[in-house]
Amino acid sequence: MDKPLEPFRIKAVEPIQFPSREQREAVLHNAGFNLFNIPAEAVFIDLLTDSGTSAMSDHQWAGLMLGDESYAQCRNFFHLQETVQEVMGFPIVIPTHQGRAAEHLLFQTLVKPGDVVPNNIHFDTTRANVEFRQAVALDCAIDETFDPDKEHPFKGNMDPAKLRAAIETHGVEKIPLVMLTITNNSGGGQPVSMANVREIAGICRQHGLPLFLDAARFAENCYFIKQREPAYRDKSIAEIARELFSLADGCTMSAKKDALVNIGGFIALRDEALAGRIRNFLILMEGFPTYGGLAGRDLETMARGLREVLDERYLEYRIGQVRYLGNLLETAGIPVLKPFGGHAVYLNALPFAPHLPRAQFPGQAVAVALYREGAVRSVEIGSLMFARHKPGSEAWEFPRLELVRLAIPRRVYTTSHLDFVAETVYKIWQNRQQLRGLRLVYEPPFLRHFTARLEELDVA
Ligand SMILES: *Cc1c(COP(=O)(O)O)cnc(C)c1O
């Protein structure tokens, strides 16, 4: 198997523990079978998320010492602004403490009750922030996105026909903005092609609608464009990124992904009037406009990370790790979402547990089993995250896909760690008829998966 070659060596190490079988069992019960509740120290390989879990470079760590902690107009803000201007081409940057704060501020400013916000697929915090405004988060991804077996080079694309239909049905006055998530996290970390962004941007321009990119994984998306869209084969990642952002009016950014930092985010845009309105909310909720809920040192690491992530050797290794794990699993006959995306391998959970009804959360059953077997933490992206039911009603509305995501933190785990993960998944797959369904015992009003508690049902 083609092993991903690390373009770095290791300067500091962090020991990790492997808890005993009894400890793992106790941990699962105490956590209410919700892996978000498990103490991180009881996890051996943590693939819960690639968000905020990156290892920073020595250059970024050095930048921490150069934090200017002045309240207003600290020098690190200007470094960040200059970097965003160069990397993305947006003149204005508004720092926030993370991506969802950027979403919240943008939607607070633009979205009214009853509005409709199209996206390829809204990420869960994006959807929740749209719905919190009593608006509709509308998914317009191409049909191929929802078919786990379908190969498509740009499975994250938005369907232009679906966007046009939404504009026709709801009218432009009900659509305050259009979003495009690059790469499409909830659809499997799948890229969006430059051609698609250009087409969607054209429709938006024709109707006077602003287009914002959810740019959390913009560099990974640009790498796929370089690999898969022939016109971009000889362009650098930096050139591709500039062209991509030139098609949009702005972006929200979770810097915890492709800015290679542990905390941070921002909104970048061109419209000064809109920026002014956003800043008013920013001051109320996040902080002064030049720090937005972050320390000066965080702004510095973010600026440095935004440049590092454009390194093609890094991206080759990064996407190579995902491909390596995906190939190991596929070769072992395990159902995985294809093609492999940029930041994670997604197990298709339904074939693991045909004996479990969707209402018993088969995806979560797989995620629980992975922890029980190998202290590997993953995340369910299926019924537990997205299924809806009316209060008091037993009638559920299920999402089309039932996935378990193995997200790979950036620059953190080695090839041996990935081998171990593949072996753990293989053991679960071999014993899949023993997977146990789950039942909710506590359910919060939104973003259920973060704090829900469950109990295991007996094997039928
Ligand atoms: C992580 C993420 C967000 C939210 O960002 P946070 O920094 O976690 O608040 C939004 N959109 C996408 C696509 C993401 O992956």
Side-chain angles (χ1 to χ4, degrees), residues 1-20 24 35 38-62 183 189 217 219-220 223-224 227 256-262 301 304-305 308-332 334 336-337 339-347 367 369-379 404-429:
M1 207 76 65
D2 217 6
K3 291 200 193 235
L5 189 60
E6 291 83 356
F8 53 80
R9 56 184 175 176
I10 296 166
K11 186 168 337 205
V13 296
E14 178 187 3
I16 46 178
Q17 312 298 329
F18 195 92
S20 69
R24 300 196 302 272
L35 304 179
I38 289 182
E41 288 193 312
V43 175
F44 181 53
I45 309 283
D46 204 345
L47 307 185
L48 182 71
T49 177
D50 62 324
S51 177
T53 52
S54 302
M56 292 202 297
S57 67
D58 52 359
H59 186 62
Q60 286 176 294
W61 280 102
T183 57
R217 297 179 182 78
E220 292 168 9
Y223 180 78
F224 282 117
Q227 295 292 306
K256 301 172 71 172
K257 285 51 171 256
D258 270 357
L260 299 170
V261 293
N262 305 120
T301 54
R304 292 179 181 218
E308 278 179 19
V309 78
L310 302 174
D311 175 7
E312 206 174 318
R313 287 173 63 232
Y314 156 74
L315 287 165
E316 171 57 33
Y317 141 81
R318 160 75 179 151
I319 309 289
Q321 275 209 324
V322 176
R323 191 171 52 228
Y324 175 75
L325 177 60
N327 281 335
L328 284 180
L329 296 175
E330 193 185 22
T331 307
I334 294 162
V336 284
L337 205 73
F340 306 125
H343 67 289
V345 176
Y346 293 71
L347 306 176
L370 287 174
Y371 179 77
R372 184 175 266 140
E373 177 61 38
V376 172
R377 177 155 66 172
S378 56
V379 68
V404 173
R405 185 183 75 177
L406 305 169
I408 303 185
R410 295 169 182 79
R411 309 191 288 207
V412 171
Y413 291 116
T414 66
T415 308
S416 310
H417 289 130
L418 299 182
D419 290 339
F420 175 85
V421 170
E423 283 159 25
T424 304
V425 177
Y426 186 60
K427 283 184 197 155
I428 305 304
W429 173 246

### Message
Counting C-beta onward and ignoring hydrogens, is there a side-chain heavy-atom pair between Val425 and Leu406 closer than 4.5 Å?
### Response
yes

### Query
Checking side-chain contact (heavy atoms from CB on, under 4.5 Å) for the pair Val379/Val404: CA distance, chi angles, key distance, verdict?
CA-CA 6 Å; Val379 68; Val404 173; over 6 Å; no

### Query
CZ of Arg377 to CG of Leu48: how many Å apart, nearest 0.5 Å?
5.0 Å

### Task
Would you indicate whether the side-chain heavy atoms of Ile319 and Phe340 approach each other to under 4.5 Å?
no

## Note on the structure
Correct closest heavy-atom pair for Thr53 and Val412 would be O-CG2, 3.2 Å

#### Entry: Given Ile45, Thr49, Asp46, Leu47, the one that forms side chain to side chain contact (heavy atoms under 4.5 Å, CB included) with Pro409
Leu47

### Query
So, are Arg318 and Asp258 salt-bridged, with charged N and O less than 4.0 Å apart?
no

#### Entry: Side chain proximity check, Ser378 to Tyr346, heavy atoms < 4.5 angstrom
no

### The single option from Lys257, Arg410, His343 passing side chain to side chain donor-acceptor pair (under 3.5 Å) against Glu220
Arg410

### Query
How close do Arg411 and Ser57 get, heavy atom to heavy atom, and via which atoms?
NH2-N, 3.3 Å

### Query
Does a donor on one side chain sit under 3.5 Å from an acceptor on the other, for Tyr317 and Asp311?
no

### Message
Can you see whether Thr424 engages Glu373 through a side-chain donor-acceptor pair at a distance of less than 3.5 angstrom?
### Response
no

### Message
Is there a side-chain contact between Lys3 and Leu418 in this structure, where contact means two heavy atoms from C-beta onward sitting under 4.5 Å apart?
### Response
no

### Under 3.5 Å donor-acceptor, Asn262 side chain and Gly52 backbone
yes

### Taking every non-hydrogen atom, the tightest pair across Leu328 and Ala422
CD1-CB, 3.7 Å

### Query
Can you name the closest pair of heavy atoms from Ala375 and Pro19 and give their distance?
CB-CD, 3.9 Å

### Query
Taking C-beta and beyond as the side chain, do Glu308 and His59 meet within less than 4.5 Å on heavy atoms?
yes

### Query
Quick one: are Val376 and Phe44 in side-chain contact, heavy atoms under 4.5 Å?
no

### Query
Taking side chain as C-beta onward, heavy atoms only, is Tyr314 less than 4.5 Å from Leu260?
yes

### Message
Set out, in order, the CA-CA distance, both residues' side-chain angles and the distance that settles side-chain contact (heavy atoms from CB on, under 4.5 Å) for Tyr426 and Ile334, then state yes or no.
### Response
CA-CA 7 Å; Tyr426 186 60; Ile334 294 162; 4.0 Å; yes

### Task
Kindly determine whether Asp58 and Lys11 satisfy salt bridge (Lys or Arg N to Asp or Glu O under 4.0 Å), including the steps that lead there.
CA-CA 8 Å; Asp58 52 359; Lys11 186 168 337 205; 3.2 Å; yes

### Message
Checking Phe18 against Phe420 for the side-chain contact (heavy atoms from CB on, under 4.5 Å) test, could you report, in this order, the C-alpha distance in whole Å, the side-chain angles of both residues, the deciding distance, and whether it holds?
### Response
CA-CA 12 Å; Phe18 195 92; Phe420 175 85; 3.6 Å; yes

### Query
With a 4.5 Å limit on heavy-atom distance, are the side chains of Val261 and Gln60 in contact?
yes

#### Entry: Arg313/Glu6 ion pair, N-O < 4.0 Å
no

